[in-house]
Structures are given as C-alpha cells and as structure tokens.
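What follows is a short report on a single structure.
The first residue of the sequence shown is numbered 1, and numbering continues consecutively from there. Given the structure is predicted, the values throughout are model-derived calculations rather than measurements. We use all heavy atoms of the structure for the numbers below, so side chains are in, but hydrogens, waters and symmetry mates are not.
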Amino acid sequence: MKGSKKNGLLFWSVYMMILFFLPEKSTGFFLLAGIIVLGIMIIYYCLLPSALPCYLELPACSRKKEKINGSFWVSNEKRIPIFCGMAKGTVKNIMTGEELPLYLDIGLLGREEGEAPFTLFPKTMGIYEVRVDDIEVFGLFGIGRKKASPGIRKECMVLPLTTELSFEADKGLLLGEEGEKVFYSGQGKDPSLYQGIRPYREGDRMKQIHWKVTGKTGEYMVKEMAEPADERVLLLLDTTLDGFDSGKIDTLAEAWLSVSQRLAEQNYPHTLGWRNPSEGSWHDHRVSTLSELDEVFPGILRCSFDASDTTPEEYSVFSEEWRKYGAVILVTGRAGRIKQWEELFLKEGLWDGGVSGRKHLSILVEKERKDKEYDFDSHCISFTETTMKRDLNRITL
C-alpha cells in the first residue's frame, strides 16, 4: 500500500517535471493528456466500492508458544478492480489485558477476493481477540482511496502449557472414621456435631452463644457446630497483583492449573475457585478428572486480573462459599500480602493456624523477579517459572 502511494506521487512529480521542460508546442497536448488521466482517476474513485464484504479466518483453539495462522479476506463484488488495500485492527489477550496493533496489507484484489495472511506468536495463555476496525482500498497509482469500518472480530483460545507434577495426595483426607466419604466444616446447626468455641461474629444466632465461657472471658463466645461438606480441597487463585505483569499472570495460572492437573490424575476431587475482578463475581468448578479440568479453561482464560491496590478482604464476601472445605491451597503472586491472607482464613474459620490439623492451608507464592527473600512460614511454598516443577512437588495433602 505504501508503495502504491509512492508510485502515485512519483507519477505526478515526473509528469510536472516533463510538463515544465517541454517545448511550448507540446505543452498543450501533454497538459490535455494529464487532464484526461486525472478525470479517469476521479471517475474511478467514485466507482470504488464504499463497502466491502470481509471475514476473518482464525482457529478456535491453539496452545501457548505455538504459531497461530490466520487470514483476513476482502471480497470485491463490483466490476471495478481494486489494486491494493490495508486493514487496521488490534490483537488483545483478554486474560492479561495486553493489546497490540494489527496492520495487514491486502494483496491485489482484481475483481474477486484479496487475502491478508497473518501469524500470531502467543507467549502466554488466554483468549486472543483479533479485531479489524478499518479498511482502506486504493485504486490507480494508490491515489483513489476509500475507507470502510467493518468492526469484525474473532477469538482464539490459547491453552496453557501445564507442568507435569508428581506429588501424592492423601485420599484419607477425604474419608471419615468409618471410611465413608463425609467430612465437616463450621457454621452447621446440628448440636451433635460440636466442633469448639470461637468469638461471636455478626450473623451468629443467639442460641449458639456459650454463656458460661462468655461470662468467664467477658467476650461473646459461640458454640461452633459442623455441617456435612461436599468438597475437601479448595484450590484458590488470587487474581490480584501488585503491578501489571503478563508473564506473572501466566505463571500463576499455570501453577494453579498444574496442581489441579496432578490432583485430577489421581482422581482426587477438588474445586477450582477464583474471583473475576472485572465482574466482581465468584467462580468455582468441581474437578475430579482431566476431562472436567478441560471445562475450566473457557472461564479462567477469560478472567481479567486486577492490578489495583486490592486486599484479600475483597474476597471475604465469598467466605460462605469456602467454609465447606477442609483444605485450602492458595496460589498468589503477592508475597507481601501473605499475612493478610492468613488473617482472613483465620477470621473466616477456613484455617485453625495448624493447631488441630483439621484445617489444612498451603500458600504457593511466586517469587519476585529480583529474587527478594521473604520470611515464609512452613505452609508457604515459593516458586518461579523455571523452578515450578521442583517447588510445587513439595505440596503435601
């Protein structure tokens, strides 16, 4: 397209130079020829189609670090030939928020179709949205030009490259004393399933208050009963970041999915949970097999991460969804917020601080690129993209 513009400018520049140096006898004839050519170009410009049917070809699914070959097609339904064109658009990864411009040169259309092939090289997982917002078509010498705005888009789901892990999950955690698949968590109503005593929380019933202990401590204390739970392990992904980093988002999601993949390989039932910051909504998906894990991809790959100053307290509104789990594995990239997560889990009864062992907590935290050292507790495992396989195999369940 740029070449066509240059050719047009070159043509008229040469024409003006010749016209300037020609003898007077030939000037009139040459000027008339130029006017005729210009008239033809104006008529040609008026006949150029203002709207062009177009469509995108893109595979529905691919994998990270694999080439994605696509094509943008433009059809010319009129009899007036189009010599070249250009399309402008964007390529956006919905998960990481990265957006790059897309420029496509459309080949010689003639009177039929023109193709603009392109190749994407996805370095991270996610839903890649390809949009074509504007088209420019050019006629003779690149001067006759018309624009159109098709606004078409198509998506390609780029799957992650999960890490093969080998840790063993203790299935005994899923069984009761008689071997039945039953386990309990707080907030129940059955007095026979008494668990212990804890401080009063807003929403607790007056019937649950333990008056003797309240009188001794001077603080309202309630009896905590249990209820049957359907799940044992919650694999929670922290979708908040200290700063935008597409590589970090990819590494966190890969670690989260890799742990789930290993549990699914052992037919270990668990739940993948995450919060979508853009919607403020909670999402969970039960996984027991690898085929069920595949069903998670469309949801998580469309989730956008939050790089604002969000605290773990933002998740507390979903704590009712968590209380049925006896074990929590948190995957986060915010090492500086580990204490806040621990406080939230203790407050909501999701962890007992390791006192009774009934509430299991593991925090998988990605190290900073600067290899900053943190004083991690024993239940915290730090990892990086390159050491993920070695570090995550230290998980105990």
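Listed by chain and residue number, E99 satisfy the side-chain contact (heavy atoms from CB on, under 4.5 Å) test with K92 (two or more places apart in sequence, or in another chain). For D250, the side-chain contact (heavy atoms from CB on, under 4.5 Å) partners two or more places apart in sequence, or in a different chain, are K64, T124, M125, E254. F345 pairs by the ring-ring contact (aromatic ring centres under 6.0 Å, His included) definition with W341, not counting sequence neighbours. The ring-ring contact (aromatic ring centres under 6.0 Å, His included) test applied to H285 returns no partner, not counting sequence neighbours. Qualifying side-chain contact (heavy atoms from CB on, under 4.5 Å) partners for K67, counting only residues two or more places apart in sequence or in other chains: T119, F121. For D133, the salt bridge (charged side-chain N to carboxylate O under 4.0 Å, His left out) criterion is met by R131, not counting sequence neighbours. The side-chain contact (heavy atoms from CB on, under 4.5 Å) search around S149 returns D134, not counting sequence neighbours. Partners of E292 by salt bridge (charged side-chain N to carboxylate O under 4.0 Å, His left out), not counting sequence neighbours: none found. For E155, the salt bridge (charged side-chain N to carboxylate O under 4.0 Å, His left out) partners are R153, R302, not counting sequence neighbours. Residues meeting the salt bridge (charged side-chain N to carboxylate O under 4.0 Å, His left out) test with R390, sequence neighbours left out: none.
Between the N393 side chain and the F167 main chain, a donor and an acceptor come within less than 3.5 Å of each other.
Taking the side chain as every heavy atom from C-beta outward, P101 and K88 never approach each other to under 4.5 Å. Residues L344 and Q340 fail the side-chain proximity criterion, which asks for heavy atoms closer than 4.5 Å.
If you chain together ILVMFWY residues whose side-chain heavy atoms come under 4.5 Å of each other, L100 ends up in a group of its own. The hydrophobic cluster containing Y55 also includes W73, under a criterion of side-chain heavy atoms closer than 4.5 Å among ILVMFWY residues, counted directly or through chains of members.
Salt-bridge annotation for E168 and R262: present, with a side-chain N of the basic residue lying under 4.0 Å from a carboxylate O of the acidic one.
Relative orientation of the W211 and Y220 rings is perpendicular, given thresholds of 30° and 60° on the angle between their planes.
Residues V365 and L346 share a hydrophobic cluster, clusters being chains of Ile/Leu/Val/Met/Phe/Trp/Tyr side chains in contact below 4.5 Å.
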